[in-house]
Chemist: 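Can you keep this structure in mind? I'll have questions shortly.
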Amino acid sequence: MRKLIWIKLLLVVGLVSVQGQGDTTKYFQPTASHMKEAEIIVPILNFYHYRDIDLDDSLSSAIFDNFIEALDGNKNYFLASDIQSFQKYRFKLDDDLKQGNLVVPFYIFNIYNKRLKNRLEYALAHVEDKFDFSKDETYYFDREELPYAKTEAELDELWRMNLKNQALNLKLSGSENKKIAETLKTRYERFQSNVEKYNSNDVFEIYMNSVTEAFDPHTNYFTPLNAEDFEMQSKKSLEGIGATLQQDNDFTKIVELRPGGPAFLSGEINKDDRVVGVAQGADGEMVNTVGWRSDEVAGIIRGPKGTLVRLELLPAGSSVGAPTKEVKIVRDKINLDDAKAKSKVVQFTENGQEYTIGVITVPDFYLNSEEMEESPEDYSSTTNDVKKLITELEEEGADGIMLDLRNNGGGALFEAINMTGLFVPGGTVVQVKYKKDQIEQLDDNNKSMYYDGPLNVLVNRFSASASEIFAGAIQDYKRGVIVGEQTYGKGTVQNVRELNAFLRDPGDENLGLIKYTMAKFYRVTGSSTQHLGVTPDVALPSAFSAEEFGESSKPSAMPWDKIPAANFTPLDYVDGNLISLLNQRLKQREKTDQLLVDLKYDIELVKKNRKLHSVSLNYDVRKKEQDDLKEQRDARVKVGASLKELEANKVSDRSLNDLKDAYLKESILLLADQIEAKKRKG
């Protein structure tokens, strides 16, 4: 009976083809399981989610916008008339969801699917066109602020420009006309093939994530199939690059880097980068993956251990059509030992003073719960491993220790608290506020510091969650100096549960997973890490702004707020004079250190490219831009030759000059400055 009612409803809005009318279009319909899951998810969000939001017209409007954005965020498919016709549903999605009614999202998706197929048919019909690259035309690749096309003719013109831009890119890379046509044909045939594989589960997942992400960006729904992949990621090591992928419009987005994996260890791949091409080996052809399903992209990225894969990436925060970058990765198994904290010693001489600096890299806050149960005194965890590394570094005569938390996305809260306890003499580390304003203070109960020497902590825009708790506590207790970039700003706590767990009689039916936000983190000062993250005491050059990347770039991100401060006593390791001195030293080296000079140049170039919304389709103009860029890179100011007069004060090191990592090198030098200042202070 219920199925019959749904068919009648779908006929009303034109979703089901009527036999005998010659319509062979594939239409998607919700299943009984989809309806059941929708009816379960809504009360879960209402009851368990930290945010006390009513599922009303206001939230319905946000869900509507999320769904349209998920389908056609760059306005390449829908017509303005489509969007206008959808407006009558803007404020009814809330009522439909409460009843498990999914007619509207499936209706919208079917319109989208029709438009998408039309565009691919247009592209395949024109891949062999002879484009005139001598004309002065401009292609607007970032259409977020532009209106939807009003007519099919306008869409045709948009896609003509799109094809011409792709053809020009291939021509600039050395391809001839015949090869360009073959490449574009293969590209769009693959895109078309992937579109044919869409199913109702894909539609439901896109829509339900439009619902969950209206609450906050870290609340997500996983279909049963993707739920299995989600659980597998945390249990199994696959040969590949160690990255979790997710569909993002026509792109495949990197949503997580596994600590210890090749992608993480490369230092060149970031969360939210989008994969636009994959090539095998050093000389393999770069295959464009725009329009591919994320599972298929993952399939060609994976491969035997020791083999090379090249990825073409659209950097996080960049607009569609902005310059891409190529990264070479050697596939390997994710070795759990590589995901653990590691240390190294850097020795160098500066201004006649010898320094031995211990660097501890912490890629994740981990805890082996099975080992902990079997051997409570000796088990693998971030705290225990860092503790051992500190001992080893002190035995090697380390003058100070630097903790590298770059790209550390968090992990076990318990470990962030315990590791903080190695450096502060007990007390509250973090405060957690739950729904209904329940506040809990989480303390480290060890009243002695395991390490009391000079300390700094290196963070970047990809340091998040538990990393921000640790860095924030070190900063608030004035125990060490925070160096690097403003952190991500994720101050929320999530819980993951199977939807079956909410059924009285789940039976054998396998429903999906839901991950929802249940609490917020606060520093001992009472300030939330949400949005603000941790602002470094010494800020190194950064390519990312809060508005472009991080929590603040998410429209539905929960707000920053403040609660009463915990009772804590700051130490005297860091004061305003020290911070001022370190910032002065940084400014001096920004003029003389080649790595910093090159870093600032590259960052300014990235920022400049991010501001681009269009490109010329004239070959001569683009070729000159390409040549000028290479010339500018080759002609970057070289500061070494002009520093001969400073030879006596130049860093003369035994390992520091081998570092190609500007952030790491500068953080080490700042720790040396910190050690020097402490000696002067006595």
Chemist: Does Lys600 have any salt bridge (charged side-chain N to carboxylate O under 4.0 Å, His left out) partners at least two apart in sequence or in another chain, and if so, which?
Modeler: Glu590

Chemist: Ring-plane angle category for Phe470 and Phe365, please: parallel below 30°, perpendicular beyond 60°, tilted otherwise.
Modeler: tilted

Chemist: Salt bridge or not between Lys608 and Glu604? Use side-chain N to carboxylate O under 4.0 Å.
Modeler: no

Chemist: Test Ile357 against every option in Ile675, Ile401, Leu669 by the side chain to side chain contact (heavy atoms under 4.5 Å, CB included) rule and name the one that passes.
Modeler: Ile675

Chemist: When the ring planes of Tyr48 and Tyr516 are compared, do they come out parallel, tilted or perpendicular, using 30° and 60° as the limits?
Modeler: tilted

Chemist: Determine, for Asp272 against Lys554, whether the closest basic-nitrogen to carboxylate-oxygen distance falls under 4.0 angstrom.
Modeler: yes

Chemist: Run the salt-bridge test on Asp65 and Arg90 with the 4.0 Å N-O cut-off and return the result as yes or no.
Modeler: yes

Chemist: Whether the side chain of Ser467 engages the backbone of Asn408 through a donor-acceptor N/O pair (distance < 3.5 Å, no angle test) should be reported.
Modeler: yes

Chemist: Are the charged groups of Arg589 and Asp673 less than 4.0 angstrom apart, N to O?
Modeler: yes

Chemist: Might you work through the ring pair (Phe, Tyr, Trp, His ring centres under 6.0 Å) test for Phe462 and Phe544, ending with a clear yes or no?
Modeler: CA-CA 10 Å; Phe462 304 94; Phe544 301 100; 5.1 Å; yes

Chemist: Using distance alone, with no hydrogens and no angle criterion, decide if Thr428 and Asp443 have a side-chain donor and acceptor under 3.5 Å apart.
Modeler: yes

Chemist: May I ask you to decide if Val534's main-chain N or O and Thr487's side chain share a donor-acceptor pair within less than 3.5 Å?
Modeler: yes

Chemist: Is there a donor in the side chain of Thr382 and an acceptor in the side chain of Glu415, or the other way round, less than 3.5 Å apart?
Modeler: no

Chemist: Take Leu45 and Ile514 through the side chain to side chain contact (heavy atoms under 4.5 Å, CB included) test and state the conclusion after the steps.
Modeler: CA-CA 9 Å; Leu45 293 174; Ile514 186 166; 4.0 Å; yes

Chemist: Looking only at the side chains, is there a donor atom on one of Ser463 and Asn460 sitting less than 3.5 Å from an acceptor on the other?
Modeler: yes

Chemist: What pair of heavy atoms forms the shortest contact from Asp593 to Leu595, and how long is it?
Modeler: OD1-N, 3.0 Å

Chemist: Is it true that Asp661 and Arg406 have a side-chain N and a carboxylate O under 4.0 angstrom from each other?
Modeler: yes

Chemist: Can you name the salt bridge (charged side-chain N to carboxylate O under 4.0 Å, His left out) partners of Lys490, sequence neighbours left out?
Modeler: none

